[in-house]
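Report on the structure given below.
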Number of protein chains: 2
Amino acid sequence: MTRVERLVGDFLRGRDQFASAQQIHALLREQGERAGLSSVYRALRALEQAGEVDALANEAGETLFRRCAADQHHHHLRCTRCGVSVDVAAPAVERWAERAAREAGFTLDHHTVELSGRCGKCARVP
Amino acid sequence: MTRVERLVGDFLRGRDQFASAQQIHALLREQGERAGLSSVYRALRALEQAGEVDALANEAGETLFRRCAADQHHHHLRCTRCGVSVDVAAPAVERWAERAAREAGFTLDHHTVELSGRCGKCARVP
DNA sequence: TTATCTGCAAACATTTTGCAGCGAG
DNA sequence: CTCGCTGCAAAATGTTTGCAGATAA
């Protein structure tokens, strides 16, 4: 494990929000760490492959990263205002996905379920 | 409705696969139509806003477009090999999403559910 | 020393925008 | 004539890659 990987890993360990590679890079710099943007990208790719962080795609097409507590498969519910996110398990949805695919004659490889809205704190803020 | 919007709309009407803006542009050119890439992008954005086409994001971060038959809300099951896609309605999933959000103290704005795998025809091809 | 990691700059891919010319009304 | 549509080229954005120097084993 390389220095920047450790840096990025530690940084994400103290967060419950998704962040883009560029955000992570900027925040690391702000707190005085030295790390190049490319190394941050490289680290994130490595951590993702190692299953250490979860990645998901923004509406804008950026990739967002977050360290996830759970080992097992799960989905995310993300606040569009403050970025906080919680993990949601959904065995029922997994089963539904399998069945829907089979009924259409497909074999299922992959599925994404992402929920977004306002968390309790951000509910009434414009 | 502009010329290129009509062009793109008609093109998508004769398809059941998602296609990227660049693909659509290339295919229109191939069949002798004259249309600039930027106009295709502009047309797709307009058609999406008008609810005429559905957009979804690729793993690679491109945006894919497709004309959808159904007016109501639905999700997609897409073959990763041939690109064919079918619409799946899932009232149960909608209800689950609402409930999961409420239980976490969120109000749900938006959700995505995308399934991908192999269709019957592509099942056994490498 | 030798192999790996790092960071810069340049390359890339996709999408958006500025602007001059064209065409429909 | 006027206004909006069009398409080119340039810009913007997010990400990846090549490479020389730094770093660690």
Side-chain angles (χ1 to χ4, degrees), chain A residues 1-12 15 17-50 52-67 76 78 80 83 85 112 114 116, chain B residues 1-12 15 17-50 52-67 78 80 83 112 114 116:
Chain A
M1 175 164 281
T2 75
R3 186 178 58 85
V4 177
E5 275 173 42
R6 220 172 340 253
L7 217 56
V8 171
D10 287 352
F11 176 83
L12 288 177
R15 271 176 85 83
Q17 308 189 7
F18 279 91
S20 69
Q22 316 229 17
Q23 273 169 34
I24 293 168
H25 174 248
L27 292 170
L28 283 175
R29 285 268 165 123
E30 256 175 49
Q31 56 187 61
E33 302 291 356
R34 119 192 109 74
L37 180 58
S38 19
S39 302
V40 171
Y41 273 108
R42 280 188 277 240
L44 286 167
R45 242 195 311 175
L47 291 170
E48 193 202 347
Q49 284 219 309
E52 301 268 330
V53 308
D54 274 15
L56 69 80
N58 215 353
E59 317 79 52
E62 319 176 88
T63 313
L64 304 183
F65 300 89
R66 176 179 177 233
R67 168 155 187 103
H76 301 282
R78 199 163 77 83
T80 50
S85 95
T112 54
E114 300 294 343
S116 61
Chain B
M1 172 163 286
T2 74
R3 186 178 58 85
V4 177
E5 277 175 41
R6 221 173 340 253
L7 219 54
V8 171
D10 287 352
F11 176 83
L12 288 177
R15 272 176 83 85
Q17 310 190 5
F18 279 90
S20 70
Q22 315 230 18
Q23 273 170 32
I24 293 168
H25 174 247
L27 291 170
L28 282 174
R29 284 269 164 120
E30 256 175 49
Q31 57 187 60
E33 301 291 356
R34 119 192 108 75
L37 180 57
S38 20
S39 302
V40 171
Y41 273 107
R42 282 188 276 242
L44 285 168
R45 240 192 316 174
L47 291 169
E48 193 202 345
Q49 283 219 311
E52 302 268 330
V53 307
D54 274 14
L56 70 82
N58 216 348
E59 316 81 52
E62 319 176 88
T63 312
L64 304 183
F65 300 89
R66 178 180 177 234
R67 167 150 191 108
R78 201 162 77 82
T80 49
T112 53
E114 300 294 344
S116 60

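These values consider heavy atoms only, across backbone and side chains, with no hydrogens, waters or symmetry-generated copies. Every chain is numbered from 1, with letters handed out A, B, ... down the list of sequences.
- At whole-Å resolution of the value, CG in B:Leu37 and P in D:dA11 are 17 Å apart.
- Counting to the nearest Å, the P atom of D:dG7 and the CD1 atom of B:Ile24 are 15 Å from each other.
- Per the geometry, CG belonging to A:Leu64 stands 17 Å off P belonging to D:dT13, to the nearest Å.
- Separating the CD atom of B:Gln23 from the P atom of C:dA13 is a distance of 15 Å, rounded to the nearest angstrom.
- Counting atom types as modelled, A:Arg42 pairs a side-chain N or O with a base atom of C:dG7 as donor and acceptor under 3.5 Å.
- Toward the 5' end of DNA chain D, the nearer of the two residues B:Thr2 and A:Glu62, judged by each one's closest nucleotide, is B:Thr2.
- The CD-P distance, from A:Glu33 to C:dC5, rounds to 19 Å in whole Å.
- Picking from C:dT15, D:dT17, C:dT6 the nucleotide with the shortest atom distance to the side chain of B:Gln22 gives C:dT15.
- Look at A:Ser38 and you won't find any side-chain N or O under 4.0 angstrom from OP1 or OP2 of D:dT17.
- B:Ser20 comes within 4.0 angstrom of no nucleic acid atom, judged by non-hydrogen atoms across all strands.
- Under 4.0 angstrom from either OP1 or OP2 of C:dT14 there lies no side-chain N or O belonging to B:Thr63.
- When distances run from any side-chain atom of B:Ser39 to the nucleotides C:dG7, D:dT17, D:dT6, the shortest one goes to D:dT6.
- Among the nucleotides C:dT6, C:dT16, D:dG7, the one closest to the side chain of B:Arg45 is C:dT16.
- A close approach under 4.0 Å does occur between a side-chain nitrogen or oxygen of A:Arg3 and OP1 or OP2 of C:dG7.
- Atom CG in A:Asn58 sits about 18 Å away from atom P in C:dT14, given to the nearest Å.
- What separates CZ of A:Arg34 from P of D:dA22 is a distance of 12 Å, to the nearest Å.
- Residue contacts shown for A:Ala35 are limited to sugar-phosphate atoms, with no base heavy atom under 4.0 Å away.
- Of the candidates C:dT15, C:dT6, C:dC8, the closest approach to any side-chain atom of B:Ala21 belongs to C:dT15.
- Rounded to whole Å, the distance from CE on A:Met1 to C1' on D:dA25 is 18 Å.
- For the pair A:Tyr41 and D:dT16, the criterion of a side-chain N or O lying under 4.0 Å from OP1 or OP2 is not met.
- Surrounding CD of A:Gln31 are more than 12 heavy atoms belonging to other residues, nucleotides or ligands, all under 6.0 Å away.
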